[in-house]
Amino acid sequence: MVVIVVFTIRIGDFRLPELLSGVLHTLQQHGLGAGVRFGHVEAAANVLFFVPLGALFPLWFRNRRWLTSWLVCVGISLIVEVIQSVFLSNRVGSMRDVVCNGLGAALGVVLTWILTESRVCIGRKPPVHYPG
């Protein structure tokens with residue numbers, strides 16, 4: 001799925017910039033979303049796109065290598081952006097995308113950590129303290 005999105009789909013093919021700009025303009029006319037531009041939405045989408053990847057990688061490693069999982073996600077993002085810059089004339093690689101993807105991966109890793117640690121804590125019984 002990730003490969004299909006990052007290497008084949010071009011945002012311009014769907015007229016997404018024009019559509020989103022129109023939606024933002026309409027919202028801003030009604031006093032909503034003041035100052036929000038297409039670049040902000042694109043950055044947020046890059047963050048959200050890598051949250052699932054960041055959430056799944058720690059589950060793939062047996063002992064939940066949290067930092068390694070995040071670094072793998074950042075590495076994947078970096079490789080994708082380099083491939084887009086070097087080999088795909090219709091795509092543009094961006095360090096901003098790597099940063100946003102890394103942030104999304106970090107959110108996914110942290111969410112997985114919170115959920116797995118809370119599950120472990122729920123399963124543990126508190127120690128019994130006897131008077132005296």
Side-chain angles (χ1 to χ4, degrees):
M1 172 74 166
V2 172
V3 172
I4 291 169
V5 171
V6 298
F7 292 128
T8 61
I9 295 177
R10 292 184 313 177
I11 291 174
D13 291 345
F14 298 101
R15 299 181 42 116
L16 192 57
E18 295 88 3
L19 177 65
L20 186 57
S21 293
V23 169
L24 288 173
H25 180 71
T26 301
L27 288 173
Q28 289 167 357
Q29 284 179 332
H30 291 85
L32 301 170
V36 176
R37 295 187 312 271
F38 179 79
H40 298 129
V41 176
E42 182 185 18
N46 277 315
V47 170
L48 293 175
F49 189 67
F50 264 71
V51 171
L53 200 60
L56 293 175
F57 262 105
L59 300 175
W60 187 54
F61 292 113
R62 282 190 182 269
N63 54 358
R64 307 280 191 260
R65 299 194 183 261
W66 307 107
L67 181 60
T68 302
S69 298
W70 179 73
L71 289 172
V72 168
C73 291
V74 171
I76 289 170
S77 175
L78 190 58
I79 289 167
V80 164
E81 295 303 320
V82 167
I83 289 171
Q84 287 180 351
S85 288
V86 175
F87 298 109
L88 301 175
S89 61
N90 60 345
R91 301 296 295 259
V92 176
S94 162
M95 281 308 294
R96 184 184 84 165
D97 289 354
V98 174
V99 170
C100 290
N101 293 342
L103 180 59
L107 287 171
V109 167
V110 167
L111 286 173
T112 299
W113 178 76
I114 289 169
L115 292 173
T116 57
E117 289 302 309
S118 66
R119 196 176 99 210
V120 168
C121 291
I122 290 170
R124 291 185 194 152
K125 293 182 179 180
V128 177
H129 297 285
Y130 296 101

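We use all heavy atoms of the structure for the numbers below, so side chains are in, but hydrogens, waters and symmetry mates are not.
- L48 pairs by the side chain to side chain contact (heavy atoms under 4.5 Å, CB included) definition with nothing, not counting sequence neighbours.
- Considering all non-hydrogen atoms of both residues, F50 and C73 come closest at CE2-O, 3.5 Å.
- Side-chain atoms of H40 come within 3.5 Å of backbone atoms of R37 as a donor-acceptor pair (strictly under, hydrogens ignored).
- Residues F57 and V80 share a single hydrophobic cluster, defined by chaining ILVMFWY side chains whose heavy atoms lie under 4.5 Å apart.
- Residue pairs that meet the side-chain hydrogen bond (donor to acceptor under 3.5 Å, both in side chains) test with at least one member in residues 92-111, sequence neighbours left out, are E42-R96, N46-D97, S77-N101.
- I83 and V86 fall within a single hydrophobic cluster, where Ile, Leu, Val, Met, Phe, Trp and Tyr are joined by side-chain heavy atoms under 4.5 Å apart, directly or via other members.
- Here the side chain of W66 pairs no donor or acceptor atom with the backbone of P58 at under 3.5 angstrom.
- Taking 4.5 Å as the limit, every side-chain heavy atom of V110 sits out of range of all side-chain heavy atoms of W70.
- Hydrophobic clustering, with ILVMFWY side chains joined whenever heavy atoms are under 4.5 angstrom apart, keeps I114 apart from L107.
- To the nearest 0.5 angstrom, I76 atom CD1 is 11.0 Å from L71 atom CG.
- Linking Ile, Leu, Val, Met, Phe, Trp and Tyr whenever their side-chain heavy atoms come within less than 4.5 Å leaves F49 and L103 in two separate clusters.
- The minimum heavy-atom distance between L78 and M95, with the atom names listed, is CD1-SD, 4.2 Å.
- V36 and F38 fall within the same hydrophobic cluster, where Ile, Leu, Val, Met, Phe, Trp and Tyr residues are linked whenever their side-chain heavy atoms come under 4.5 Å apart, directly or through other members.
- Taking all atoms of both residues into account, the shortest heavy-atom contact from V98 to E81 is CG2-CG, 3.5 Å.
- In terms of modelled atom types and a separation under 3.5 Å, the side chain of T116 and the main chain of W113 share a donor-acceptor contact.
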